[in-house]
Each structure stands twice: as C-alpha cells, then as structure tokens.
Student: 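Dropping a structure here in structure tokens format, bear with me for questions.
The chains referred to below are lettered A, B, ... by the order of the sequence lines, with proteins before strands, and numbering in each begins at 1.
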2 protein chains.
Amino acid sequence: MGEFDLIRRYFLPVANAERHPSLVLGPGDDCAIQRVDQGQELVFSVDTLVEGVHFPANYPPEKLARRSLAVAASDLAAMGAEPVCFTLALTLPKASTDWLKAFSAGLATASREFGLSLAGGDTTRGPLSLTLQVHGTVPIDGAIKRSGAQVGDLVCVSGTLGDAGAALSLLDQPSPTAEQAALLARYHSPQPRLALGKALRGYASAAIDISDGLVADLGHLLEASGAGGVIDTHKLPLSDALTALRPDALQLALNAGDDYELCFTISEPSLDSLNSQKTHPEAMLERLTVIGRVREGPGLSLDGVSTQVQSGGYDHFGSQ
Amino acid sequence: MGEFDLIRRYFLPVANAERHPSLVLGPGDDCAIQRVDQGQELVFSVDTLVEGVHFPANYPPEKLARRSLAVAASDLAAMGAEPVCFTLALTLPKASTDWLKAFSAGLATASREFGLSLAGGDTTRGPLSLTLQVHGTVPIDGAIKRSGAQVGDLVCVSGTLGDAGAALSLLDQPSPTAEQAALLARYHSPQPRLALGKALRGYASAAIDISDGLVADLGHLLEASGAGGVIDTHKLPLSDALTALRPDALQLALNAGDDYELCFTISEPSLDSLNSQKTHPEAMLERLTVIGRVREGPGLSLDGVSTQVQSGGYDHFGSQ
C-alpha cells in the first residue's frame, strides 16, 4: 500500500470524525491551516512515544491511539487550553492492515472524545513510535503557566495518585481482579483533565500535569516559579484499590508517573471562589485535594522535613 | 546527562538564537504559546526524517540540523507563509556530547537563517529520527493551496531541477570536482523558497514544493485541483553541472526529489504582473521558468504525448 493510499484509507476518516471549525484546512496540502479567533492565542505541545519505552511492545493499537492522544492532550489541560487539533507523525515497522484499522478506529474515537481534529501528519517506515503535537487556544495572557506560583499558595491535585504506576506490574495479568482492573484502567485510559484545566483559568496561579510523578512535576513547577514547597503526605489522595493492593501506596503516589492528573497552586481566596463555581460538574472540582503549600524556595519537602527530594521521574537520557 | 540538562545545555541556546516576537512562550512549560495577529491565520506542517531513509547514516549533525529545518520550512514556502517557529521531536540512540554540540550549533544557525524560533520539543532514546513541525502565518484566506489550479494556467518552477537527485550517487565521493560539488550543495543545503512563496501570494493559483520529484508533486497539485497538465520537457531548467555530468539529466529533472524548488500554477496576466514586481530580488523572480500548462484532467503528459505518467516519488510504504 502506498503512503497516499494509507492516508486516504486510514487517516482521512479520522480527520472527518471530528472537525473543529477553527481547522480551516486539514490533511492533504503542504500545510494545514488553523484560524485563531481574535483575543485568543495558540498553545501547543509535542510528545513522542516510543514502543518499549513509553508503552509496552505489542500494545493493542486501539488503546495506543487513545492513550497517546490523551497523554498529549493532558499538556493542553495543564495550560487551561481549549482543544482544537493535532498532528500525528507515525513511524511504523510495517503497514499491517489490521493494525492500521484498529489504530485509526481508536484514534477517531479519541479525537471525538477530546475534541481534537486530526490536522495533518507524516508516515514513515521504522521502529514503532508516535509524535503527536496538540493545538489549543486560550484567551490572550490567559494560559496557566508553571511559573506563577506564589509563596503562601495552596498546592492541589485532581483525582487520585499512584494508580497508573501500580498498574505497571499488572500489565501481563491474565485475569485481573476488580481492584487490579481499576488500577489498569488508570494506565490504559488516562483522562486528560481538560474541563478542569479550563475551569482553573483565572484561579490557579500555576499548573502542570503529572506525567513523571508528583515530586518530579511539582518540583518543575516550583523551580519555574522560583519557589519551594511542602507536601503533607497524609493528605495525598489514594484510591481504595491502591491502598488495598500496595503497602507502598504513598511512595507510588509521590513518585510514580502516568496518572495525568493536574497539580496546581492557588491562593486560599481563589480556591474559595473556585469552589463556589460547582456548576461545572465535568470539571470534577469536588475531586480536588489540597496536599500542601508553596513556601520560600528552593526545594520541596515532605511533611515539613526539609529534605531535598530526588526526582523520581523517568529520565530518558539518565541511564548513561 | 538528564533530559532536562540536555535541553538546558543544547536547546535553550537554540531557542535564544532566534526569538520571533509572535512566540510569546518558548520551551520549558507544558505548552508553548504563539500569538497570531488579527487578520492572520496559522499554517503548519510536520515532517519526519529517519536515518537511512531520508538522510544517510552518520550524516554530519550540523548539516542534518540545517537540512531538516530547510525541508520542513519548504512546506511553509509552498503555502506562501511567513515563518514563525518550530518544534523538534528528536529521537537519539545515545546522547553524545559532540553530536549534540554540532547539531544544536547547526540548528541555531538554520533557525536564524530561516527566521524560525525553536518553540519546544521532546527528546527520547531510540534509533535516530527527527520530527519537525513548522509554524507560519498568512493573511486570512491568503494561503496558496494545491487545489486552486485553473485550466489554462501556466505551470512554473523556480531554480533548476534534478541536481539534488544527481548528488545521491556522489555522497561518498572523497574529493568532488567543482561540478560535482555544485550538485552536492543542492542535496546538503536545500534552500526553502520562502521569499518566493510570499511573493507568489495573490498571484499563483496553486503551489507545491518539489520534495518527491516534479512529476509526482505536480501530479498531486493537479489531482487536488481536479485538473490535468502538460510539461514541455525541453523547457525544464537544468543546471550546467547536471547537463555536463548526467546524460539522464531530463529524467532526473522529472523524477528525482530533494530539490525543494517551488512548482506553481499562475494565469498569464498574473505572471505578467508578478514579473513587473522585480523589486524583490530575494524572491528570485528572475529564476522562474514556465514549463507547461494546466489543461482538462485528469493526468499529466509530457510534450503533449498523452501518457499517464507514473509517480517517481519515493513511497515509504510502497515496497511491501
């Protein structure tokens, strides 16, 4: 199958599955064209996922498509952006029809779920990897950056932490229990907190998504803000499944990645205002937990014990 | 070296080498932010280059950086876009300091040359490949698409064709002659026709850059326009070096890729108007050649002989 046939057969249907009105020219020309409304600006992020590094070998293609787009979209959530479109650069060892059919079906579904239209891409031959770039918009100067945390702000997280990390040892489990399945779902089907991110605009002082682990990612946020912080570890939100199955639940919640929850800082008055906005149920405001506080930097300490915490995040170039 | 050190040491200097005022937030946050002026829209394109497929193994890293960005920027030229910024997803087998130093130096230079600021990226471990996404802007509805060619329009190309294709067999030449060196320069240092692309806005009815070969790429343009065309092969612009060294110069000009010249269609009155604009020397208007004409489709014929021409472009999934 030629590259053009492949695009026509498998990727144009994805582009047609979700058509954002701002994407005025989709795949098929030298470039795609996105209109950015007056008063808005473009936010964008690129992520590469390599087989055997970011997802297991022989990972089911439908799951891979959804998980990859969710991971990419999570960066839009962290900025408080409205999703618009994405590009996909796909490197494939061989163009297996079954694989492409399942992958493109999963991508079409995920595209609709997250409101991200396929704008363009490139397909090449090689070891399996995906590079996705997601585009969103925010009102001018409205993006939530990593660098805005102020001393005295509260540190909050969405959802529960450590679940996806606990799932890593269960990926080959032939018949998982209900509790194991709950953890596995967190790994396979991360939920980018897009509605929450938008709801946080104008309230949160800084935000980041938790891809590498809370300690590592909150550390990045604090460093960018020129501040330090403290986590009250007994406040960390742990799922019932995690506490039931893992004696090291707290360590996982601190250091394991792949949860794609949001971690953000917010002043107490802003949190009160935000909590009075509970008219947005999809933003999951009721599932926010205050886990600590921003203080003079540098460094992040646990329970007030002033220990310099090592990043527990995966470091792609760290093993040399 | 950790991923963050690597970015800090090698890629932040690239981002600082060329700072486009529209890129309001560069690398280091969850997303980058680009402002799109009122009356403008965003155009963007993604390209993957894999070692051993799109460039030779052990290709010098400085050349690789410039060539990759030039190839990506050529898609902006084909749309008539003003360059703004780019992202780079780099997959590297190992983080060799020498390689990264040379690569990032080449990237900083190319970034300044093309007016494209580094906005963000991702680095992962794996077989060497690069995915670049370039961003530009055009006035709303001002982009030159592939689909606008009208029956009766002239078909034009910039520069000379076939040179880069002829260079492929010379890449390992230890001491090339002056003529061989002229061809090699076309392969190693393609020149995206950014000034020409902008000059063509409002004049050309359709445009494409020649990456896969004239016949293949003009074929895409005509198909997108629902038209056909004829090439007068004796009009094809051939360099002195190519005609001196290659008896099959014409075949190379028709079917070899990697020249990154622009091929566009234009009405006769528009070409006359364009030619009266020769106040933009950097647009190289004097080096345009009329090589054929758009006619009723489908199909592209050579010298009026109505032969269906096979695409000579490289087909990444075609060899199965």
Student: Set out, in order, the CA-CA distance, both residues' side-chain angles and the distance that settles side-chain contact (heavy atoms from CB on, under 4.5 Å) for L76(B) and C31(A), then state yes or no.
Tutor: CA-CA 7 Å; L76(B) 294 178; C31(A) 291; 4.1 Å; yes

Student: Do L214(A) and C263(A) come within less than 4.5 Å of each other through their side chains, counting heavy atoms only?
Tutor: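 SC-SC contact between L214(A) and C263(A) confirmed.
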
Student: Heavy-atom distance under 4.5 Å to chain A: side chain of Q38(B), backbone, both or neither?
Tutor: side chain

Student: Please classify the contact between A32(B) and chain A as side chain, backbone, both or neither, with a heavy-atom cut-off of under 4.5 Å.
Tutor: both

Student: A side-chain contact here means heavy atoms from C-beta on lying under 4.5 Å apart; do L100(A) and F11(A) qualify?
Tutor: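 The answer is yes, as the side chains (C-beta and beyond) meet within the 4.5 Å cut-off.
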
Student: For D37(B), is it the side chain, the backbone, both, or neither that has a heavy atom closer than 4.5 Å to a heavy atom of chain A?
Tutor: neither

Student: Is there a side-chain contact between P93(A) and W99(A), using heavy atoms and a 4.5 Å cut-off?
Tutor: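 They are not in side-chain contact.
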
Student: Given side chains that start at C-beta, do those of F103(A) and L90(A) come closer than 4.5 Å, heavy atoms only?
Tutor: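 When only atoms from C-beta onward are counted, L90(A) and F103(A) do touch, with a gap below 4.5 Å.
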
Student: For D212(A), does its backbone N or O pair with a side-chain atom of D217(A) as donor and acceptor, under 3.5 Å?
Tutor: yes

Student: Who among I208(B), V36(B), L88(B) has the most heavy-atom pairs with chain A under 4.5 Å?
Tutor: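 With the most close heavy-atom pairs to chain A, the winner is I208(B).
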
Student: Testing the basics here: between S205(A) and A149(A), what is the closest heavy-atom pair and its distance to 0.1 Å?
Tutor: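 That closest heavy-atom pairing would be OG-CA, 3.7 Å.
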
Student: State, with a plain yes or no, whether a side-chain heavy atom of L221(B) is found less than 4.5 Å away from one of V155(B).
Tutor: no

Student: Taking the side chain as every heavy atom from C-beta outward, state whether R193(B) and S74(B) have any pair of such atoms under 4.5 Å apart.
Tutor: no

Student: Would you confirm whether S158(A), through its side chain, and L262(A), through its main-chain N or O, come within 3.5 Å as a donor-acceptor pair?
Tutor: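 Pair found, side chain donor or acceptor close to backbone of L262(A).
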
Student: In Å and rounded to the nearest 0.5 Å, what is the CZ to CD1 distance from R146(B) to I144(B)?
Tutor: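 One finds 13.0 Å between CZ of R146(B) and CD1 of I144(B).
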
Student: Within a strict 4.5 Å, meaning less than it, do heavy atoms of the L107(B) and F86(B) side chains meet?
Tutor: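 Yes, at least one pair of side-chain atoms sits under 4.5 Å.
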
Student: Do K101(A) and Y10(A) come within less than 4.5 Å of each other through their side chains, counting heavy atoms only?
Tutor: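 A side-chain contact exists here, since the closest heavy-atom pair is under 4.5 Å.
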
Student: Below 4.5 Å from any heavy atom of chain A, which atoms of A207(B) appear? Answer side chain, backbone, both or neither.
Tutor: backbone

Student: Report, by ascending residue number, the residues of residues 130-139 of chain A in heavy-atom contact with chain B at a distance under 4.5 Å; give 'none' if the set is empty.
Tutor: T131(A), Q133(A), H135(A)

Student: Among the options V43(B), D141(B), D29(B), pick out the one with the most heavy-atom pairs lying under 4.5 Å from chain A.
Tutor: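 Ranked by contacts with chain A, first place is D29(B).
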
Student: Within residues 19-27 of chain A, which residues come under 4.5 Å of chain B, heavy atom to heavy atom?
Tutor: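 Checking residues 19-27 of chain A against chain B gives L23(A), V24(A), L25(A).
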
Student: What option among L49(A), D75(A), D47(A) has the most heavy-atom pairs under 4.5 Å with chain B?
Tutor: D75(A)

